[in-house]
Amino acid sequence: MDKYVVQQVIKDYKNGEIIGTELMVQGDEESLYNSSNDSVAANTMVAFLTENSNRIFTDKMTFMTFTPALLFRNTPKMFDKDRVIIQIEDSIIVHPLATILIAKYREEGYRFAINDFQFNPKYFSMLEHVDYIKVDVSGEVTDTKKRSLANIVEMSHGFKKQFIATGVNSIEELEFAKELQADYVEGSYIADATITKTSKMEYLQGNLYHLLIEVTKDEPDMELLEEIVSRDASLTYSLLKMANSAYFSASAHQETSSIRLAIMRVGISQLKQWLYLLSFKEDEQTSEELLKTSFMRANFASSLVKKMKGFPINPSDAYLMGMFSTLEYMIDATIEEILQDIPIVEEVRTALVSGEGKTGMLYDLILSYEKADWMKIKELTKELGLQTNMIAQIYMECIDEVNEIWENIKDH
(Lines give C-alpha, C1' and ligand atoms only; values in the text may rest on other atoms or scores of the structure.)
Protein backbone atom coordinates (compact mmCIF):
# COMPACT_ATOMS: atom_id res chain seq x y z
CA MET A 1 0.00 0.00 0.00
CA ASP A 2 1.35 3.41 -0.97
CA LYS A 3 1.99 5.92 1.80
CA TYR A 4 1.69 9.67 1.50
CA VAL A 5 2.64 12.64 3.64
CA VAL A 6 -0.53 14.68 3.95
CA GLN A 7 -0.51 18.31 5.08
CA GLN A 8 -3.90 19.77 5.88
CA VAL A 9 -4.06 23.56 6.05
CA ILE A 10 -5.41 25.28 9.19
CA LYS A 11 -6.86 28.75 8.50
CA ASP A 12 -8.26 31.77 10.24
CA TYR A 13 -11.50 32.03 8.24
CA LYS A 14 -11.99 35.68 9.25
CA ASN A 15 -8.95 36.95 7.34
CA GLY A 16 -7.96 33.89 5.29
CA GLU A 17 -4.53 33.64 6.95
CA ILE A 18 -2.92 30.20 7.11
CA ILE A 19 -1.66 29.64 10.65
CA GLY A 20 -0.21 26.19 10.08
CA THR A 21 -0.68 22.68 8.74
CA GLU A 22 -1.44 19.33 10.31
CA LEU A 23 0.87 16.50 9.30
CA MET A 24 -0.84 13.18 8.73
CA VAL A 25 -0.44 9.89 6.88
CA GLN A 26 -2.62 8.70 4.05
CA GLY A 27 -2.66 4.95 3.69
CA ASP A 28 -4.46 4.89 0.38
CA GLU A 29 -6.47 7.22 -1.79
CA GLU A 30 -9.66 6.65 0.19
CA SER A 31 -8.61 7.02 3.81
CA LEU A 32 -6.90 9.69 5.84
CA TYR A 33 -5.82 8.65 9.26
CA ASN A 34 -3.72 10.08 12.02
CA SER A 35 -2.83 7.04 14.04
CA SER A 36 -1.47 6.82 17.57
CA ASN A 37 0.46 3.73 16.46
CA ASP A 38 4.19 4.23 17.12
CA SER A 39 5.38 2.99 13.72
CA VAL A 40 2.88 5.16 11.83
CA ALA A 41 3.77 8.27 13.84
CA ALA A 42 7.51 7.57 13.49
CA ASN A 43 7.29 6.95 9.76
CA THR A 44 5.29 10.15 9.31
CA MET A 45 8.07 12.14 10.97
CA VAL A 46 10.78 10.42 8.92
CA ALA A 47 8.81 11.23 5.78
CA PHE A 48 8.41 14.86 6.85
CA LEU A 49 12.14 15.22 7.50
CA THR A 50 13.19 13.64 4.21
CA GLU A 51 10.42 14.83 1.89
CA ASN A 52 10.16 18.36 3.28
CA SER A 53 10.60 20.89 0.50
CA ASN A 54 9.91 24.50 -0.31
CA ARG A 55 6.33 23.56 -1.13
CA ILE A 56 5.72 23.20 2.60
CA PHE A 57 4.84 26.24 4.71
CA THR A 58 8.20 26.29 6.46
CA ASP A 59 7.41 29.55 8.27
CA LYS A 60 4.12 28.22 9.66
CA MET A 61 3.35 25.90 12.54
CA THR A 62 3.17 22.16 11.99
CA PHE A 63 0.70 20.18 14.12
CA MET A 64 2.21 16.74 14.60
CA THR A 65 0.92 13.76 16.61
CA PHE A 66 3.37 12.21 19.10
CA THR A 67 2.82 8.90 20.88
CA PRO A 68 3.94 8.33 24.51
CA ALA A 69 6.99 6.35 23.31
CA LEU A 70 8.10 9.23 21.07
CA LEU A 71 7.61 11.78 23.84
CA PHE A 72 9.64 9.70 26.29
CA ARG A 73 12.46 9.52 23.75
CA ASN A 74 12.59 13.34 23.42
CA THR A 75 11.67 13.07 19.74
CA PRO A 76 10.01 16.53 19.71
CA LYS A 77 13.48 18.00 20.21
CA MET A 78 14.22 17.15 16.58
CA PHE A 79 11.89 20.01 15.71
CA ASP A 80 11.98 23.75 16.31
CA LYS A 81 9.73 24.45 19.31
CA ASP A 82 8.55 27.66 17.68
CA ARG A 83 7.32 25.78 14.60
CA VAL A 84 5.91 22.50 15.91
CA ILE A 85 2.71 21.96 17.89
CA ILE A 86 2.72 18.67 19.80
CA GLN A 87 -0.68 17.12 19.15
CA ILE A 88 -1.85 14.67 21.82
CA GLU A 89 -4.56 12.06 21.65
CA ASP A 90 -6.18 9.57 23.99
CA SER A 91 -3.11 7.29 24.12
CA ILE A 92 -1.17 10.07 25.85
CA ILE A 93 -3.98 11.50 27.95
CA VAL A 94 -4.60 8.15 29.70
CA HIS A 95 -0.88 7.56 30.32
CA PRO A 96 -0.08 7.64 34.07
CA LEU A 97 2.87 10.00 33.53
CA ALA A 98 1.09 12.21 30.99
CA THR A 99 0.89 15.34 33.13
CA ILE A 100 4.56 15.18 34.18
CA LEU A 101 5.67 14.51 30.61
CA ILE A 102 3.65 17.34 29.08
CA ALA A 103 4.61 19.80 31.84
CA LYS A 104 8.28 19.06 31.08
CA TYR A 105 7.89 20.04 27.44
CA ARG A 106 5.82 23.09 28.35
CA GLU A 107 8.66 24.35 30.52
CA GLU A 108 10.97 24.02 27.52
CA GLY A 109 8.68 26.18 25.38
CA TYR A 110 6.74 23.59 23.38
CA ARG A 111 3.03 24.12 22.70
CA PHE A 112 0.27 21.50 22.67
CA ALA A 113 -3.04 20.74 21.00
CA ILE A 114 -5.63 18.18 22.11
CA ASN A 115 -7.13 16.29 19.19
CA ASP A 116 -10.85 15.33 19.35
CA PHE A 117 -11.46 16.91 22.75
CA GLN A 118 -14.22 15.31 24.85
CA PHE A 119 -16.18 16.34 27.93
CA ASN A 120 -14.35 13.96 30.19
CA PRO A 121 -12.32 14.47 33.40
CA LYS A 122 -9.13 13.06 31.84
CA TYR A 123 -9.32 15.68 29.07
CA PHE A 124 -10.03 18.51 31.51
CA SER A 125 -6.91 17.55 33.50
CA MET A 126 -4.83 18.49 30.42
CA LEU A 127 -6.38 21.91 29.88
CA GLU A 128 -3.78 23.97 31.70
CA HIS A 129 -1.06 22.57 29.44
CA VAL A 130 -2.62 23.01 25.99
CA ASP A 131 -2.97 25.98 23.66
CA TYR A 132 -5.33 24.52 21.06
CA ILE A 133 -8.45 22.35 21.31
CA LYS A 134 -9.48 20.49 18.17
CA VAL A 135 -12.89 18.93 17.53
CA ASP A 136 -14.37 17.35 14.40
CA VAL A 137 -17.50 19.23 13.32
CA SER A 138 -18.25 17.14 10.22
CA GLY A 139 -21.46 15.24 9.65
CA GLU A 140 -25.09 15.86 10.49
CA VAL A 141 -25.73 18.69 12.94
CA THR A 142 -28.23 17.62 15.59
CA ASP A 143 -29.41 19.77 18.49
CA THR A 144 -27.40 17.60 20.90
CA LYS A 145 -24.25 17.94 18.80
CA LYS A 146 -24.73 21.70 18.47
CA ARG A 147 -25.13 22.17 22.24
CA SER A 148 -22.17 19.93 23.01
CA LEU A 149 -19.82 21.69 20.60
CA ALA A 150 -21.04 25.15 21.65
CA ASN A 151 -20.20 24.24 25.25
CA ILE A 152 -16.70 23.06 24.27
CA VAL A 153 -16.02 26.29 22.36
CA GLU A 154 -17.31 28.40 25.25
CA MET A 155 -15.18 26.42 27.69
CA SER A 156 -12.13 26.76 25.38
CA HIS A 157 -12.46 30.52 25.26
CA GLY A 158 -13.14 30.68 29.00
CA PHE A 159 -9.79 28.96 29.60
CA LYS A 160 -8.15 31.18 26.94
CA LYS A 161 -7.60 28.28 24.54
CA GLN A 162 -7.99 28.52 20.78
CA PHE A 163 -10.56 26.27 19.16
CA ILE A 164 -9.90 24.57 15.82
CA ALA A 165 -12.89 23.10 14.00
CA THR A 166 -11.67 20.11 11.96
CA GLY A 167 -13.56 18.17 9.31
CA VAL A 168 -14.76 21.33 7.61
CA ASN A 169 -15.40 19.68 4.25
CA SER A 170 -18.39 21.69 2.97
CA ILE A 171 -19.87 25.18 2.99
CA GLU A 172 -22.45 24.01 5.52
CA GLU A 173 -19.73 22.81 7.90
CA LEU A 174 -17.86 26.11 7.49
CA GLU A 175 -21.03 28.02 8.38
CA PHE A 176 -21.51 25.76 11.40
CA ALA A 177 -17.91 26.46 12.53
CA LYS A 178 -18.55 30.18 12.20
CA GLU A 179 -21.77 29.86 14.19
CA LEU A 180 -19.81 28.08 16.93
CA GLN A 181 -17.29 30.97 16.86
CA ALA A 182 -14.37 28.67 16.19
CA ASP A 183 -11.03 30.45 15.99
CA TYR A 184 -9.64 28.39 13.11
CA VAL A 185 -10.90 25.83 10.61
CA GLU A 186 -9.39 22.79 8.93
CA GLY A 187 -10.75 20.51 6.23
CA SER A 188 -11.02 19.88 2.51
CA TYR A 189 -13.40 22.81 1.97
CA ILE A 190 -10.80 25.16 3.45
CA ALA A 191 -7.97 23.93 1.23
CA ASP A 192 -7.03 20.78 -0.60
CA ALA A 193 -4.50 18.75 1.33
CA THR A 194 -0.94 18.83 0.03
CA ILE A 195 -0.09 15.21 -0.67
CA THR A 196 3.46 13.99 -1.22
CA LYS A 197 4.16 10.35 -1.92
CA THR A 198 6.72 8.97 0.52
CA SER A 199 9.50 6.65 -0.50
CA LYS A 200 9.18 3.11 0.78
CA MET A 201 12.66 2.52 2.13
CA GLU A 202 14.29 -0.69 3.29
CA TYR A 203 17.06 -0.52 5.87
CA LEU A 204 19.37 -3.29 6.99
CA GLN A 205 18.62 -3.71 10.68
CA GLY A 206 22.14 -4.88 11.57
CA ASN A 207 23.54 -1.68 10.10
CA LEU A 208 21.04 0.44 12.05
CA TYR A 209 22.13 -1.41 15.18
CA HIS A 210 25.83 -0.62 14.54
CA LEU A 211 24.99 3.00 13.83
CA LEU A 212 22.88 3.36 16.98
CA ILE A 213 25.72 1.95 19.10
CA GLU A 214 28.24 4.40 17.68
CA VAL A 215 26.02 7.47 17.70
CA THR A 216 25.10 6.99 21.38
CA LYS A 217 28.72 6.97 22.56
CA ASP A 218 29.98 9.99 24.52
CA GLU A 219 32.28 10.88 21.64
CA PRO A 220 31.04 9.30 18.39
CA ASP A 221 33.71 8.60 15.79
CA MET A 222 32.72 10.68 12.75
CA GLU A 223 34.80 8.54 10.41
CA LEU A 224 33.12 5.36 11.65
CA LEU A 225 29.64 6.94 11.40
CA GLU A 226 30.38 7.84 7.80
CA GLU A 227 31.65 4.33 7.09
CA ILE A 228 28.56 2.64 8.58
CA VAL A 229 26.09 4.89 6.73
CA SER A 230 27.97 4.34 3.45
CA ARG A 231 27.36 0.58 3.64
CA ASP A 232 23.63 1.00 3.13
CA ALA A 233 22.14 2.59 0.00
CA SER A 234 18.85 3.36 1.76
CA LEU A 235 20.52 5.02 4.74
CA THR A 236 22.79 7.06 2.48
CA TYR A 237 19.90 8.19 0.31
CA SER A 238 17.63 9.08 3.25
CA LEU A 239 20.35 10.95 5.13
CA LEU A 240 21.26 13.02 2.08
CA LYS A 241 17.59 13.79 1.39
CA MET A 242 17.07 14.86 4.99
CA ALA A 243 20.24 16.98 5.12
CA ASN A 244 19.26 18.74 1.88
CA SER A 245 15.59 19.19 2.77
CA ALA A 246 14.22 22.64 3.52
CA TYR A 247 14.02 21.72 7.20
CA PHE A 248 17.78 21.23 7.62
CA SER A 249 19.28 23.18 4.74
CA ALA A 250 17.55 26.53 5.39
CA SER A 251 20.65 27.94 7.07
CA ALA A 252 23.15 26.18 4.80
CA HIS A 253 24.69 27.96 1.83
CA GLN A 254 24.76 24.97 -0.51
CA GLU A 255 23.57 21.43 -1.05
CA THR A 256 25.76 18.49 -0.11
CA SER A 257 26.33 15.00 -1.49
CA SER A 258 28.88 14.23 1.24
CA ILE A 259 27.80 11.75 3.92
CA ARG A 260 30.09 13.38 6.50
CA LEU A 261 28.78 16.89 5.81
CA ALA A 262 25.22 15.55 5.93
CA ILE A 263 25.86 14.06 9.39
CA MET A 264 27.36 17.35 10.57
CA ARG A 265 24.46 19.38 9.17
CA VAL A 266 21.83 17.19 10.85
CA GLY A 267 23.81 16.96 14.09
CA ILE A 268 24.48 14.02 16.42
CA SER A 269 21.50 14.71 18.67
CA GLN A 270 19.01 14.75 15.82
CA LEU A 271 20.77 11.85 14.12
CA LYS A 272 20.04 9.74 17.22
CA GLN A 273 16.36 10.62 17.06
CA TRP A 274 16.19 9.92 13.34
CA LEU A 275 17.68 6.46 13.85
CA TYR A 276 15.22 5.80 16.65
CA LEU A 277 12.35 6.69 14.31
CA LEU A 278 13.79 4.36 11.65
CA SER A 279 13.84 1.51 14.16
CA PHE A 280 10.02 1.35 14.07
CA LYS A 281 9.67 -1.23 11.33
CA GLU A 282 6.49 -1.95 9.42
CA ASP A 283 5.66 -5.47 8.26
CA GLU A 284 8.12 -5.44 5.39
CA GLN A 285 11.20 -7.57 4.85
CA THR A 286 14.44 -5.85 3.96
CA SER A 287 15.81 -6.95 0.60
CA GLU A 288 19.29 -7.88 1.85
CA GLU A 289 20.47 -9.03 -1.56
CA LEU A 290 19.74 -5.64 -3.13
CA LEU A 291 21.51 -3.81 -0.31
CA LYS A 292 24.50 -6.11 -0.56
CA THR A 293 24.60 -5.62 -4.34
CA SER A 294 24.62 -1.84 -3.96
CA PHE A 295 27.41 -2.05 -1.38
CA MET A 296 29.47 -4.29 -3.68
CA ARG A 297 28.95 -1.99 -6.68
CA ALA A 298 29.91 1.04 -4.61
CA ASN A 299 33.18 -0.50 -3.45
CA PHE A 300 34.03 -1.82 -6.91
CA ALA A 301 33.30 1.51 -8.65
CA SER A 302 35.29 3.50 -6.10
CA SER A 303 38.26 1.13 -6.31
CA LEU A 304 38.32 1.29 -10.12
CA VAL A 305 38.23 5.10 -10.23
CA LYS A 306 41.23 5.21 -7.90
CA LYS A 307 43.18 3.43 -10.64
CA MET A 308 42.21 5.87 -13.40
CA LYS A 309 43.81 9.26 -14.00
CA GLY A 310 41.76 12.19 -15.25
CA PHE A 311 38.45 10.34 -14.91
CA PRO A 312 35.33 12.62 -14.90
CA ILE A 313 34.30 11.61 -11.35
CA ASN A 314 36.23 11.00 -8.13
CA PRO A 315 36.10 7.82 -5.97
CA SER A 316 33.43 9.30 -3.65
CA ASP A 317 31.14 10.09 -6.59
CA ALA A 318 31.76 6.59 -7.98
CA TYR A 319 30.83 5.14 -4.60
CA LEU A 320 27.49 6.98 -4.63
CA MET A 321 26.84 5.76 -8.17
CA GLY A 322 27.21 2.17 -7.02
CA MET A 323 25.14 2.72 -3.89
CA PHE A 324 22.26 4.38 -5.72
CA SER A 325 22.23 1.90 -8.61
CA THR A 326 19.68 -0.37 -6.87
CA LEU A 327 17.37 2.30 -5.43
CA GLU A 328 14.90 1.97 -8.30
CA TYR A 329 14.15 -1.56 -7.02
CA MET A 330 13.75 -0.39 -3.40
CA ILE A 331 11.64 2.71 -3.98
CA ASP A 332 8.41 2.93 -5.93
CA ALA A 333 9.70 5.59 -8.32
CA THR A 334 11.84 5.91 -11.44
CA ILE A 335 15.57 6.54 -11.11
CA GLU A 336 15.04 10.05 -12.54
CA GLU A 337 12.52 10.86 -9.78
CA ILE A 338 14.74 9.36 -7.09
CA LEU A 339 17.81 11.34 -8.09
CA GLN A 340 16.13 14.71 -8.65
CA ASP A 341 16.34 15.65 -4.95
CA ILE A 342 19.94 14.49 -4.45
CA PRO A 343 22.80 16.87 -5.39
CA ILE A 344 25.01 14.30 -7.12
CA VAL A 345 27.36 15.22 -9.95
CA GLU A 346 25.76 15.28 -13.39
CA GLU A 347 28.03 12.52 -14.75
CA VAL A 348 26.70 10.08 -12.12
CA ARG A 349 23.10 11.12 -12.74
CA THR A 350 23.54 10.62 -16.51
CA ALA A 351 25.29 7.27 -16.05
CA LEU A 352 22.48 5.88 -13.86
CA VAL A 353 19.65 7.27 -15.99
CA SER A 354 20.90 6.70 -19.54
CA GLY A 355 24.31 4.99 -19.26
CA GLU A 356 25.95 7.68 -21.38
CA GLY A 357 29.45 9.10 -21.16
CA LYS A 358 32.65 7.68 -19.71
CA THR A 359 31.00 7.30 -16.31
CA GLY A 360 28.21 5.38 -18.04
CA MET A 361 30.86 3.03 -19.45
CA LEU A 362 32.20 2.45 -15.95
CA TYR A 363 28.70 1.68 -14.71
CA ASP A 364 28.19 -0.69 -17.66
CA LEU A 365 31.50 -2.41 -16.81
CA ILE A 366 30.34 -3.01 -13.23
CA LEU A 367 27.03 -4.52 -14.43
CA SER A 368 28.89 -6.62 -17.02
CA TYR A 369 31.09 -8.11 -14.29
CA GLU A 370 27.98 -9.21 -12.39
CA LYS A 371 26.70 -10.95 -15.53
CA ALA A 372 30.13 -12.38 -16.40
CA ASP A 373 29.75 -10.88 -19.89
CA TRP A 374 33.40 -11.30 -20.88
CA MET A 375 33.05 -9.90 -24.39
CA LYS A 376 31.54 -6.69 -23.02
CA ILE A 377 34.11 -6.53 -20.23
CA LYS A 378 36.98 -6.79 -22.74
CA GLU A 379 35.45 -4.05 -24.90
CA LEU A 380 34.84 -1.65 -21.97
CA THR A 381 38.22 -2.16 -20.29
CA LYS A 382 39.90 -1.20 -23.58
CA GLU A 383 37.70 1.92 -23.88
CA LEU A 384 38.49 2.95 -20.30
CA GLY A 385 42.20 2.17 -20.50
CA LEU A 386 42.11 -0.48 -17.76
CA GLN A 387 43.92 -3.80 -17.53
CA THR A 388 41.67 -6.86 -17.39
CA ASN A 389 43.86 -8.68 -14.86
CA MET A 390 43.95 -5.70 -12.53
CA ILE A 391 40.14 -5.34 -12.63
CA ALA A 392 39.71 -9.03 -11.82
CA GLN A 393 42.00 -8.66 -8.79
CA ILE A 394 40.11 -5.57 -7.56
CA TYR A 395 36.77 -7.36 -8.02
CA MET A 396 37.88 -10.35 -5.91
CA GLU A 397 39.25 -8.07 -3.20
CA CYS A 398 35.94 -6.18 -3.10
CA ILE A 399 33.98 -9.43 -2.82
CA ASP A 400 36.11 -10.55 0.15
CA GLU A 401 35.79 -7.16 1.87
CA VAL A 402 32.03 -6.92 1.35
CA ASN A 403 31.40 -10.49 2.53
CA GLU A 404 33.43 -9.94 5.68
CA ILE A 405 31.61 -6.71 6.57
CA TRP A 406 28.24 -8.23 5.69
CA GLU A 407 28.75 -11.15 8.04
CA ASN A 408 29.54 -8.73 10.87
CA ILE A 409 26.37 -6.75 10.11
CA LYS A 410 24.16 -9.85 9.97
CA ASP A 411 25.52 -11.15 13.28
CA HIS A 412 23.53 -8.35 14.91
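Just so you know, residue 1 is the first one in the sequence shown, and it goes up from there.
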Could you tell me whether [X] and [Y] make a salt bridge, using a distance below 4.0 angstrom between a side-chain N and a carboxylate O?
| X | Y | answer |
| --- | --- | --- |
| Arg297 | Glu370 | yes |
| Lys134 | Glu22 | yes |
| Lys146 | Glu179 | yes |
| Asp131 | Arg106 | yes |
| Asp12 | Lys14 | yes |

Examine distances only and state if a side-chain atom of [X] and a backbone atom of [Y] form a donor-acceptor pair shorter than 3.5 Å.
| X | Y | answer |
| --- | --- | --- |
| Ser325 | Gly322 | yes |
| Gln181 | Val153 | no |
| Glu173 | Ser170 | yes |
| Arg260 | Leu225 | no |

Original post:
Can a donor-acceptor pair be found between the side chains of Ser138 and Asn169 at a distance below 3.5 Å?
Top reply: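 There is no such pair between these side chains.
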**OP:** Scan side-chain atoms only and decide if Thr65 and Gln87 contain a donor-acceptor pair under the 3.5 Å cut-off.
**Re:**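 The answer is yes; a qualifying pair exists.
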More than 12 non-hydrogen atoms from neighbouring residues, nucleotides or ligands closer than 6.0 Å to [atom1] on [X], yes or no?
| X | atom1 | answer |
| --- | --- | --- |
| Met264 | CE | no |
| Asn15 | CG | yes |
| Asp143 | CG | no |
| Glu154 | CD | no |
| Lys81 | NZ | no |
| Glu397 | CD | yes |

**OP:** Flag the pair Tyr13 / Tyr184 as yes when their ring centroid distance falls below 6.0 Å, and as no otherwise.
**Re:**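 No - the distance between ring centres of Tyr13 and Tyr184 does not fall below the 6.0 Å cut-off.
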Original post:
Taking the six-membered ring for Trp, are Phe163 and Tyr132 ring centroids under 6.0 Å apart?
Top reply: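 No, too far apart.
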Can you confirm whether [X] sits close enough to [Y] that some side-chain heavy atom of one is under 4.5 Å from a side-chain heavy atom of the other?
| X | Y | answer |
| --- | --- | --- |
| Lys376 | Leu380 | yes |
| Ile377 | Leu365 | yes |
| Asn299 | Glu401 | yes |
| Val84 | Pro76 | no |
| Thr359 | Thr350 | no |
| Thr256 | Arg265 | yes |
| Arg83 | Thr62 | no |
| Tyr369 | Ile391 | yes |

Original post:
Do Leu180 and Val137 pass the side-chain contact (heavy atoms from CB on, under 4.5 Å) test, and can you show the C-alpha distance, the side-chain angles, and the key distance before you say yes or no?
Top reply: CA-CA 10 Å; Leu180 291 170; Val137 302; 4.1 Å; yes
Subject >> side-chain contact (heavy atoms from CB on, under 4.5 Å) between Val345 and Leu320, intermediate numbers included >> reply: CA-CA 10 Å; Val345 297; Leu320 285 180; over 6 Å; no
Rounded distance [0.5 Å steps], [atom1] in [X] versus [atom2] in [Y]:
| X | Y | atom1 | atom2 | result |
| --- | --- | --- | --- | --- |
| Thr166 | Glu186 | OG1 | CD | 6.0 Å |
| Met222 | Glu227 | CE | CD | 14.0 Å |
| Tyr319 | Ser257 | OH | OG | 14.0 Å |
| Leu327 | Ser294 | CG | OG | 7.5 Å |
| Phe112 | Ile102 | CZ | CD1 | 5.0 Å |
| Met61 | Asp80 | CE | CG | 12.5 Å |

What's the shortest heavy-atom distance between [X] and [Y], and which atoms?
| X | Y | value |
| --- | --- | --- |
| Ala318 | Ala301 | O-CB, 3.4 Å |
| Ile133 | Met155 | CD1-CE, 4.2 Å |
| Met296 | Cys398 | CE-CB, 3.5 Å |
| Thr334 | Glu328 | CA-OE2, 3.6 Å |
| Ala103 | His129 | CB-CE1, 4.0 Å |
| Ser188 | Gln8 | N-NE2, 4.1 Å |

Subject >> Residues that Glu172 engages under salt bridge (charged side-chain N to carboxylate O under 4.0 Å, His left out), provided they are two or more places apart >> reply: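 Glu172: no salt bridge (charged side-chain N to carboxylate O under 4.0 Å, His left out) contacts found.
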**OP:** Just jot down the salt bridge (charged side-chain N to carboxylate O under 4.0 Å, His left out) partners of Glu108, sequence neighbours excluded, or say none.
**Re:**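 Testing Glu108 for salt bridge (charged side-chain N to carboxylate O under 4.0 Å, His left out), a comparison that skips the adjacent residues, returns Lys77.
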**OP:** Given side-chain contact (heavy atoms from CB on, under 4.5 Å), test Tyr363 with Val348 step by step and report yes or no.
**Re:** CA-CA 9 Å; Tyr363 182 44; Val348 169; over 6 Å; no
Original post:
Is the Lys NZ or Arg CZ of Lys161 less than 6.0 Å from the centre of Phe117's six-membered ring, within 45° of the axis?
Top reply: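 Lys161 over Phe117 ring: no.
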**OP:** Sort out for me which residue in Leu362, Ile313, Asp317 forms a side-chain contact (heavy atoms from CB on, under 4.5 Å) with Glu347.
**Re:**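 Result for side-chain contact (heavy atoms from CB on, under 4.5 Å) with Glu347: Ile313.
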**OP:** Might you work through the ring pair (Phe, Tyr, Trp, His ring centres under 6.0 Å) test for Phe79 and Tyr110, ending with a clear yes or no?
**Re:** CA-CA 10 Å; Phe79 305 95; Tyr110 287 90; 9.1 Å; no
Original post:
Does the pair Lys358 and Glu383 meet the rule for a side-chain contact (heavy atoms from CB on, under 4.5 Å), with working shown?
Top reply: CA-CA 9 Å; Lys358 263 200 154 183; Glu383 288 276 358; over 6 Å; no
